[in-house]
Participant: 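My structure is below; once you've seen it, I'll send some questions.
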Amino acid sequence: MGVHIRRRLAAGAAVGGGTGTGTSRAKAAKPAPAKEGRSFRLGRRKPRAEEAKPARRGPSPVIRIGVTVLALAGMVAFAVVLARLTLQPSPASEVLTHTNLQPGDSIRNYLSQPAFRDTVKQLGGNILLGVPFGLLLPVVSPYTRGFLRVGLLTVATMLVVELVQGALITGRAFDVDDVVLNTFGALLGYALVGRRLGRAVHPPRRRHWWSSRRT
C-alpha cells in the first residue's frame, strides 16, 4: 500500500511539473502588449500648423496699377505743395529767421509762444507736412514699407529741402527741428494708415521660416 501511494504521488508530481512548464512557456511566448499612447505618437502625422501656408492673394493687377498711379499722382501733388510752402521766398521773415543745428531749440521756442494758436500752427504744420510720406510711400512701392525705410526717405528728402532753404531761399533757414517734426509726422501716418494701405495693395509674399519647413 505504501508503494502504491508513492507511485501515485510521483505520477501527480510529474503531471504537475509538466503543466507548470507548459504554462511558463505560454507566458514566455505571449508577446508584451504594445503601449497604446506610444504607438499613437509614432504613427500620427505632424499638425497642419507646421505646413507651409500659401501667400495671401492681393488685389488684381489692374486695381494695383490704378492705386499705384494714384499714389504717384499724390506724391507729385504733394511735392508741388511742399515746394510752395518751403521754397517760396519770404523777405519779410529774413530778420526773424536763423539757422538751427541743435535739435530741440526750435521746438522749445514753439512751445513757449504766448499764443497757443502759434504753437499749434508751428508744431502741427511741420508734423502734418510729413504725414503724406507715411501714407503714399508704402503704396507707391512695396520696397518703401517699414518704419525704417519711411523714416530714412523722409529724413533724406527734408534734409535736401532744408539745405536748399538755407542756401538759396531768402527769408528761409536750415532748421533741424523741422526735419525731426516732419519725420515724426511721416512715421505717425505710416503707423495709423500707411502700413495697412501698403499691405492691402502689395500683400507680403515672403514666407516665415517656421511655416516653410517640410513636414
Side-chain angles (χ1 to χ4, degrees), residues 63-202:
I63 296 177
R64 186 179 302 172
I65 293 174
V67 174
T68 304
V69 170
L70 289 177
L72 288 172
M75 289 294 294
V76 173
F78 171 65
V80 173
V81 174
L82 181 64
R84 291 180 62 88
L85 292 175
T86 59
L87 301 180
Q88 188 174 0
S90 179
S93 304
E94 188 173 1
V95 181
L96 303 175
T97 57
H98 63 280
T99 301
N100 174 34
L101 300 177
Q102 186 172 357
D105 278 358
S106 294
I107 295 177
R108 283 191 293 269
N109 292 332
Y110 297 154
L111 294 174
S112 62
Q113 293 291 328
F116 181 71
R117 170 185 279 183
D118 295 337
T119 301
V120 173
K121 182 179 179 180
Q122 294 293 339
L123 291 177
N126 281 294
I127 292 174
L128 289 177
L129 197 61
V131 170
F133 285 101
L135 298 180
L136 298 176
L137 284 176
V139 180
V140 170
S141 173
Y143 300 103
T144 55
R145 288 190 311 217
F147 287 96
L148 181 61
R149 295 176 182 177
V150 171
L152 290 177
L153 288 173
T154 305
V155 168
T157 303
M158 298 314 300
L159 279 177
V160 172
V161 171
E162 292 294 326
L163 289 173
V164 172
Q165 281 184 343
L168 303 176
I169 309 302
T170 303
R172 304 284 184 175
F174 180 90
D175 194 339
V176 68
D177 281 340
D178 289 348
V179 179
V180 173
L181 293 173
N182 296 150
T183 306
F184 175 75
L187 296 177
L188 184 64
Y190 178 76
L192 296 178
V193 181
R195 186 178 184 182
R196 296 181 180 180
L197 283 178
R199 288 180 176 271
V201 178
H202 307 288

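Because the structure is predicted, anything quoted here is derived from the model rather than measured.
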Participant: Please tell me if the side chains of V176 and L101 come closer than 4.5 Å, counting only heavy atoms from C-beta onward.
Facilitator: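 No, too far: nothing below the 4.5 Å cut-off.
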
Participant: Can you name the closest pair of heavy atoms from L197 and L135 and give their distance?
Facilitator: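 Nearest pair, atom of L197 first, then L135: CD1-O, 4.3 Å.
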
Participant: Is there a side-chain contact between L123 and L111 in this structure, where contact means two heavy atoms from C-beta onward sitting under 4.5 Å apart?
Facilitator: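 Yes, side chains in contact.
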
Participant: Ignoring hydrogens, what is the shortest heavy-atom contact between P138 and G194? Give both atom names and the distance.
Facilitator: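 Heavy-atom minimum between the residues: CB-O, 3.5 Å.
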
Participant: Do you know the tightest heavy-atom contact between L136 and M75?
Facilitator: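 Residues L136 and M75, closest heavy atoms: CB-SD, 3.3 Å.
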
Participant: Is any side-chain heavy atom of E162 closer than 4.5 Å to one of T99?
Facilitator: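 Of all side-chain heavy-atom pairs linking E162 with T99, none is under 4.5 Å.
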
Participant: So, for A173 and T97, which heavy atoms are closest and what is the spacing to 0.1 Å?
Facilitator: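 Taking every non-hydrogen atom into account, CB-CB, 4.2 Å.
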
Participant: Grab the two heavy atoms, one from V150 and one from G134, that are nearest each other, plus how far apart they are.
Facilitator: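 Of all heavy-atom pairs spanning V150 and G134, the closest is CG1-CA, 4.0 Å.
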
Participant: Do T170 and S90 make a side-chain contact, defined as non-hydrogen atoms from C-beta onward lying under 4.5 Å apart?
Facilitator: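 T170 vs S90: side chains apart.
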
Participant: Nearest 0.5 Å, what's the CG-CG distance between L82 and L87?
Facilitator: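 Interatomic distance, L82 CG to L87 CG, rounded to 0.5 Å: 7.0 Å.
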
Participant: Could you state the interatomic distance from NE2 (H98) to CG (D175), rounded to the nearest 0.5 Å?
Facilitator: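 It comes to 7.0 Å.
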
Participant: Between L72 and V140, is there a side-chain heavy-atom distance shorter than 4.5 Å?
Facilitator: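 In contact.
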
Participant: Whether the side chain of T119 engages the backbone of Y110 through a donor-acceptor N/O pair (distance < 3.5 Å, no angle test) should be reported.
Facilitator: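 Such a contact is found between T119 side chain and Y110 backbone.
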
Participant: If you measure from CG on L163 to CE on M158, what distance do you get to the nearest 0.5 Å?
Facilitator: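 Going from the CG atom of L163 to the CE atom of M158 covers 11.0 Å.
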
Participant: For residues 180-191, tabulate all N or O donor-acceptor pairs below 3.5 Å that involve a side-chain atom, not counting sequence neighbours.
Facilitator:
residue	atom	partner	partner atom	Å
N182	ND2	N126	O	2.5
N182	ND2	D178	O	3.4
T183	OG1	V179	O	2.7
Y190	OH	G146	N	2.8

Participant: For residues H202 and T68, determine if any side-chain heavy atom of one lies less than 4.5 Å from a side-chain heavy atom of the other.
Facilitator: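 The answer is yes, as the side chains (C-beta and beyond) meet within the 4.5 Å cut-off.
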
Participant: Can you tell me which residue pairs pass the salt bridge (charged side-chain N to carboxylate O under 4.0 Å, His left out) test with a partner in residues 98-125, sequence neighbours excluded?
Facilitator: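 Sorted result for residues 98-125: D105-R108.
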
Participant: Is the closest side-chain heavy-atom distance between N109 and N100 below 4.5 Å?
Facilitator: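 A side-chain contact under 4.5 Å is absent here.
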
Participant: Taking all non-hydrogen atoms of both residues, which atom of L85 and which atom of R172 are closest, and how far apart?
Facilitator: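 Closest approach of L85 to R172: O-NH2, 3.1 Å.
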
